[in-house]
Amino acid sequence: MSDRWRGGISRRRILVAAGAAAGGVLLDGCGSSTGKPAPTSEVNGVDADLLDEVLAIEHMAIAAYAHIAGSLTGGARSLAEKISRQEAAHAARLTPLINDLGGRPTPARRDYGFPALADPDAGLALVGGIENMLVAAYIDVIPKLTNQLAKAAAVTIVTNEAQHLALVTQARGLPPAPEAIVRGAA
Amino acid sequence: VIGQTPVGGARLVQTRRQLLGGATLLAAGGSLAVSPAPAWAGSPIDSMESAVVLEQMMAVAYESLASRRGVDRASRDLFGLLAGHEHKQAAALVALAEYLGGPPPPLPTVAAAERLFPGLAAANDRRSALRLAEQLENAEIFAFFGAIGTLSDIKLVELVTAVMCSDAQHLALVRQAAHEDPIPAAFLAGKQSG
């Protein structure tokens, strides 16, 4: 088994490791909600497509939070509004990255066909499901990304998505962190 | 020297410093400081063991906090939950390390955790315990964030990301318990404390 493991140490991996060790490539690529992302200086259609997959779900999440806002009150509404702003920041971060990588960011759809909400919990369940989708999608995408800026952005976003998932779950009156290994659910 | 790992016929001799160096939590001036990446840039087995040791140390630290008399019941319950999660994360990393050919390191003692986390011994009330927990979670996320760019094994990257997601949830809950904004930023990479 160690041979298999050693076999995974490619030249590319060594180069990536060397680059990262010199002060944290990932840290340099850490997303900012306010700053313009540094250009990637690399056309990478695969990474662009991967990021576009999660961008499409981010757009859906933004629309979902807007959809449920009217059904919520008090702390739950404040939470949903705050999370919605953070989802918008994620989309704003991903869009120029996809452009820089040579991709074409998928725009938000006008209508996602969300169901009418019977009660506030139905709304929270809807966005909880989307948060689960987001975490699962990022965890699927992150190991496949080769561009370090793209990977950094994705990692700093998925950690925030996991927090959203916990708080939305808590707002439903459920245990907020039932899992020690958080993989989301497609 | 606390571990010798057979790898592909060779033996990796690992010192305590090397094991702790990767996810590196360093005691500096009585506060917690974290340095990402350096030891993670070594062999993958070193990375796995560094990660396991870090998780084990976190678990031991939380178990200790959960038993402090001066800490309120709700916080002790939270620390108990987090300790359980850190144990499970360590177990998942151990399982992957064994799959990859490395042995599990021994469970550290509370004294070892107190040496690694200087604030632990003095965290005897709710406020200081939650503050330390926030530092620990931020430091852990920061350490994994610094490491993840050096990893290419898909299973390992997936697991480390999933562990980071759990730690991010811990951080939100700890901040909430301390009556702070649980999600102050849209991007989370952890941070070095010091």
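Just the heavy atoms: all of them, side chains too, but no hydrogens, waters or symmetry mates, feed the values below. A, B, ... follow the sequence lines: proteins, then strands. Residue 1 opens every chain.
Residues of residues 63-85 of chain B placed with any heavy atom under 4.5 Å of a heavy atom in chain A are listed by number as B:Leu81, B:His85. The contact list for residues 61-87 of chain A toward chain B, using heavy atoms and a distance under 4.5 Å, reads A:Leu79, A:Lys82, A:Ile83, A:Gln86 by residue number. Proximity to chain B at a heavy-atom threshold of 4.5 Å picks out nothing from residues 120-127 of chain A. Heavy-atom neighbours of chain B within the stretch residues 168-179 of chain A, taken at a separation under 4.5 angstrom, comprise A:Gln170, A:Pro176, A:Ala177, A:Pro178, A:Glu179.
For the pair A:Thr156/B:Phe145, a side-chain contact is recorded, criterion being any heavy-atom separation below 4.5 Å from C-beta on. Contact annotation: the side chain of B:Thr161 never approaches that of A:Tyr138 to less than 4.5 Å [non-hydrogen atoms, C-beta and beyond].
One hydrophobic cluster, built from ILVMFWY side chains closer than 4.5 Å, cannot hold both B:Leu93 and B:Val60; they sit in different ones. In the hydrophobic cluster analysis, where Ile, Leu, Val, Met, Phe, Trp and Tyr join through side-chain heavy atoms closer than 4.5 angstrom, A:Ile157 is grouped together with A:Val54. With hydrophobic clusters built from ILVMFWY side chains whose heavy atoms lie under 4.5 angstrom apart, A:Leu101 shares a cluster with A:Val46. Under the 4.5 Å side-chain heavy-atom criterion for Ile, Leu, Val, Met, Phe, Trp and Tyr, A:Tyr112 and A:Leu117 are members of the same hydrophobic cluster.
Annotation for A:Asn160 and B:Ala185: closest pair ND2-O, 3.1 Å, computed over non-hydrogen atoms. In terms of heavy-atom proximity, B:Leu151 sits nearest to A:Lys151 at O-NZ, 4.0 Å.
Of the atoms belonging to B:Ile183, heavy atoms from both backbone and side chain fall under 4.5 Å from chain A. Contact of A:Ile139 with chain B is made through backbone and side chain together, with heavy-atom distances under 4.5 Å. At a 4.5 Å heavy-atom cutoff, B:Asp167 makes no contact with chain A through either its backbone or its side chain. The part of A:Val135 that comes within reach of chain B is its side chain, from C-beta onward, which places non-hydrogen atoms under 4.5 angstrom from that chain.
No other option in B:Lys88, B:His170, B:Gln176 has as many heavy-atom pairs under 4.5 Å with chain A as B:Gln176. Interface check for chain A: of the options B:Pro182, B:Cys165, B:Gly190, the most heavy-atom pairs under 4.5 Å are formed by B:Cys165.
Once rounded to the nearest 0.5 Å, the distance linking CG of A:Leu167 with CD of B:Gln169 reads 8.5 Å.
When B:Ile148, B:Val157, B:Val160, B:Leu159 are each tested for a side chain to side chain contact (heavy atoms under 4.5 Å, CB included) with A:Pro143, only one passes: B:Val157.
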